[in-house]
Enquirer: 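Got a structure for you, questions after.
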Protein chains: 2
Amino acid sequence: MTTNSLPTDGNANHYRHLEQHFRYLINQEALLPGDKLPSEREIGEQFRLTRITVRQALQTLEAQGLIYRQNRRGWFVSPPAVIYKPAQRKSFVEYVSKQGLHPQTELISQELIAADQQLSKQMQTSKGTPLLKLHRRRSIEGRPVLIEHMILNVNLLSGIEKEDLSQSLTRMLPRFGQTYHAMDLTFKSTALPTSAATDLGIAAGLPGLQIERINYNESGEIIEIDYEYWRHDAVIIQVGIHGQ
Amino acid sequence: MTTNSLPTDGNANHYRHLEQHFRYLINQEALLPGDKLPSEREIGEQFRLTRITVRQALQTLEAQGLIYRQNRRGWFVSPPAVIYKPAQRKSFVEYVSKQGLHPQTELISQELIAADQQLSKQMQTSKGTPLLKLHRRRSIEGRPVLIEHMILNVNLLSGIEKEDLSQSLTRMLPRFGQTYHAMDLTFKSTALPTSAATDLGIAAGLPGLQIERINYNESGEIIEIDYEYWRHDAVIIQVGIHGQ
DNA sequence: GTTCAAATCTGGTATAGACCAGATATACAA
DNA sequence: TTGTATATCTGGTCTATACCAGATTTGAAC
C-alpha cells in the first residue's frame, strides 16, 4: 500500500499549544470579551495544523468557558460569568446589572392552558387550573445565555397573561399580592437539549447547566415552576446554608 | 487534482444515528451501568463509519452523561447520578449508600502546614495556624467521581492528622467538639483542571462541576474549606431556600 | 438608496489513513 | 505458581481532503 500522507506526529499535543496561545491572548486582554477569533481555517494555516486539530483546541477552550461559538458565524471570547445568588431573590435584570453587565429578555412564546393530570400534580393544584406557559430567552452583553420554560399558576396571578411578559416577573408579583417566599432548587450539569441549544444559537449536545426552580408563596402554594438551561460558562451559583 | 476518497456525505448526521442507537440500548437496559461498549474501531466497522465520526457520537453521549471513558481502557455506561443535598449535612458515604450505591474514599495525600499570608486570610485565622491539607478521591460503584482538596484548621481539630483520614470527616468532627453549622457553597460548571482529570483517570478538559464549600462551626469560625471537582454526570444538587 | 439574488465565508459533518502511549492479555521462563 | 517480557488492544492525537447548510457580504438591478 502506498502512503501519501506526511508524518502524522500523532502525539505532539499541538492542540495544547494552540490552547495556550489563545489563553495567553485572552489573559493579556489582547482579545477582549465579544471579540471574534480568526476562522478555523485561518488558524490552521497560521499554525500549520489541520482543522480537526484546531477544532479540538477550540473545543477545549470552550469547555473551559474562555470562548464560545455561534452556529456558522465563528468563535468569540466569552464575557465573564455572572454570579447568581438565589437566596437574594433578585431578578435577573437586577443581579446582572449590578455586576456591570447588560441583560436582555425576549419572550419567545406564551400560552394559556388548563392543567391536565400531570401538570396539576406538578403544580400541586387541581385539574383544570389555568396555567400560563412562558418561554423566554435571556442574554448578557448581547449573548444568549439562558433559555427559560416557566409554568405559572394563573389562579394566583389572575390577568398576568395581559402583561408585558418580557419584563421581570419578580418585580411584577407584588402587584398580584404575591411574593417568592421559599424555593426548591435543583442543579444538574448536562448536555443542552436540542431545542434549548437551537434557541441559544449553539450546537446541540454541548455541556450546559440545568436549573429547576419551584417557587412558593407565603401560604406554601406553588406560584411558578421554572426550568432554566444555561450556557455552562455563563453563570456561577452561590448559596449559603444556615441553622439546623 | 485527483480525488481518491469516497463521497463524504458530509451532512448526513450519521453520528446522531449512532447516538440514538446507544441511547436506545441503554434505555432498554440491554447495556447496564458499568458495561463496556465495543471499541471505537469495532463500532466503526459495524456501522461503516470512521473513528472520528464514532468518537463524535460517543463524546455527545458523554456530554449527556450516558457514558464515560477511562483513559485507554474503553467506554462504559454511566451509573445513575447521586443526589446531593448539602442542607442535610450528611456525609458522602451516608447519602451515597442511602441511594443504594456503593461509595469509596481514598486518601491520596495529606500534609500538615502552617498558614501563610494567603491561607490565613482564606481561613480567617492568624498566620502560622497549623493547617491540614487533604487530597482525596471518592468513587461510586468503583468509578472515581470526585476529587477533593480540603484545608482544615487543626487548632479546632487538634490531633486529627493522626486519624484515618480516608474516613468520613463529618462523622469524626463531633469527637473534636465541632459540628458543621453553616456553609457557603459555590457551584461552577467548568472544565476539569489537568490534575483533577488525571486523578479521575479521564482526559483533561472534559466538562466538570466545581464545588467550593466553606464550613463554619457554631461560633462562625471556619473549620474547613473544601474544593471538589466532580465528574459532570455523577451528581445532582438540591437546595431549599426558606424564609427571608 | 433599496431590494434581492448570487457569491463567499464559516462552522458542521464526514472519509481514509497513520503513529503514539498506556492498559491488558499472553506466553514463556524460573 | 509466580514473575516478567512481549505482543496486542484501546483510546489520544494528527494529516489531508471533501461536501453541506446557514450566515454574511457583494453586486447588480431597480
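Order of the sequence lines fixes the chain letters, A, B, ..., with proteins taken first and strands second; residue numbering starts at 1 for each chain. Keep in mind the model is a prediction, meaning the values are calculated, not measured.
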Enquirer: I would like to know whether F47(B) and H17(B) meet ring pair (Phe, Tyr, Trp, His ring centres under 6.0 Å); could you show each step before the answer?
Expert: CA-CA 10 Å; F47(B) 290 85; H17(B) 293 145; 9.8 Å; no

Enquirer: Yes or no on side chain to side chain donor-acceptor pair (under 3.5 Å) for H149(A) and D226(A), after CA distance, side-chain angles and deciding distance?
Expert: CA-CA 6 Å; H149(A) 292 272; D226(A) 191 356; over 6 Å; no

Enquirer: Reckon R69(B) has a side-chain N or O less than 4.0 Å from the OP1 or OP2 of dT10(D)?
Expert: no

Enquirer: Do other residues, nucleotides or ligands put more than 12 heavy atoms under 6.0 Å from the NZ atom of K98(B)?
Expert: no

Enquirer: Does dG17(C) have OP1 or OP2 under 4.0 Å away from a side-chain N or O of T50(B)?
Expert: no

Enquirer: If you look at every strand shown and take non-hydrogen atoms under 4.0 Å, does I52(B) touch a base, only sugar-phosphate, or nothing?
Expert: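 The answer is base, as I52(B) lies within the cut-off (heavy atoms under 4.0 Å) of a base atom.
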
Enquirer: Which is true for R41(B) with a 4.0 Å heavy-atom rule: it touches a base, it touches only sugar-phosphate, or it touches nothing?
Expert: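 Since a base atom lies under 4.0 Å of R41(B), the category is base.
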
Enquirer: Are there any protein N/O atoms within less than 3.5 Å of an N/O atom in nucleotides 23-26 of chain D, and if so, which ones and at what distance?
Expert:
| unit_1 | atom_1 | unit_2 | atom_2 | d |
| --- | --- | --- | --- | --- |
| dT24(D) | OP1 | R73(A) | NE | 3.1 |
| dT24(D) | OP1 | R73(A) | NH1 | 2.4 |

Enquirer: Not counting sequence neighbours, which residues clear salt bridge (charged side-chain N to carboxylate O under 4.0 Å, His left out) with E40(A)? List them please.
Expert: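 E40(A): salt bridge (charged side-chain N to carboxylate O under 4.0 Å, His left out) contacts with R51(A), R55(A).
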
Enquirer: Separation of R55(A) atom CZ from dG12(D) atom P, in whole Å?
Expert: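 One finds 18 Å between P of dG12(D) and CZ of R55(A), rounded.
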
Enquirer: Round to a whole Å and report the spacing from CZ of F76(A) to P of dT10(C).
Expert: 11 Å

Enquirer: Whole Å only: how far is the CD atom of E19(B) from the P atom of dG12(C)?
Expert: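 Value for this atom pair: 15 Å.
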
Enquirer: To the nearest angstrom, how far is Y15(B) atom OH from dC20(D) atom P?
Expert: 18 Å

Enquirer: Can you measure E40(A) atom CD to dC19(D) atom C1' for me and round it to whole angstrom units?
Expert: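 Result: 15 Å.
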
Enquirer: If the condition is side-chain hydrogen bond (donor to acceptor under 3.5 Å, both in side chains), which residues does D35(A) pass it with, not counting sequence neighbours?
Expert: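 side-chain hydrogen bond (donor to acceptor under 3.5 Å, both in side chains) check on D35(A) returns nothing, list empty.
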
Enquirer: Rounded to whole angstroms, how far apart are CD1 on I43(B) and C1' on dC9(D)?
Expert: 14 Å

Enquirer: Using a 4.0 Å heavy-atom cut-off across all strands, classify S39(A) as base, sugar-phosphate, or nothing.
Expert: sugar-phosphate

Enquirer: On a plain distance test, is the side chain of R51(B) in donor-acceptor contact with the base of dG12(D) below 3.5 Å?
Expert: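 Looking at the base of dG12(D), it does pair with a donor or acceptor on the side chain of R51(B) (distance under 3.5 Å).
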
Enquirer: Provide, to the nearest angstrom, the distance between the CD atom belonging to Q59(A) and the P atom belonging to dT13(C).
Expert: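 It works out to 10 Å between those atoms.
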
Enquirer: Distance alone, cut at 3.5 Å: any donor-acceptor contact between the side chains of E19(A) and Q64(A)?
Expert: yes

Enquirer: Let me know the distance between CZ of F47(B) and P of dT13(C), rounded to the nearest Å.
Expert: 18 Å

Enquirer: Determine, step by step, whether L165(A) and T105(A) satisfy the side chain to side chain contact (heavy atoms under 4.5 Å, CB included) criterion, reporting the C-alpha distance in whole Å, the side-chain angles of both residues, the deciding distance to 0.1 Å, and the verdict.
Expert: CA-CA 9 Å; L165(A) 293 166; T105(A) 307; over 6 Å; no

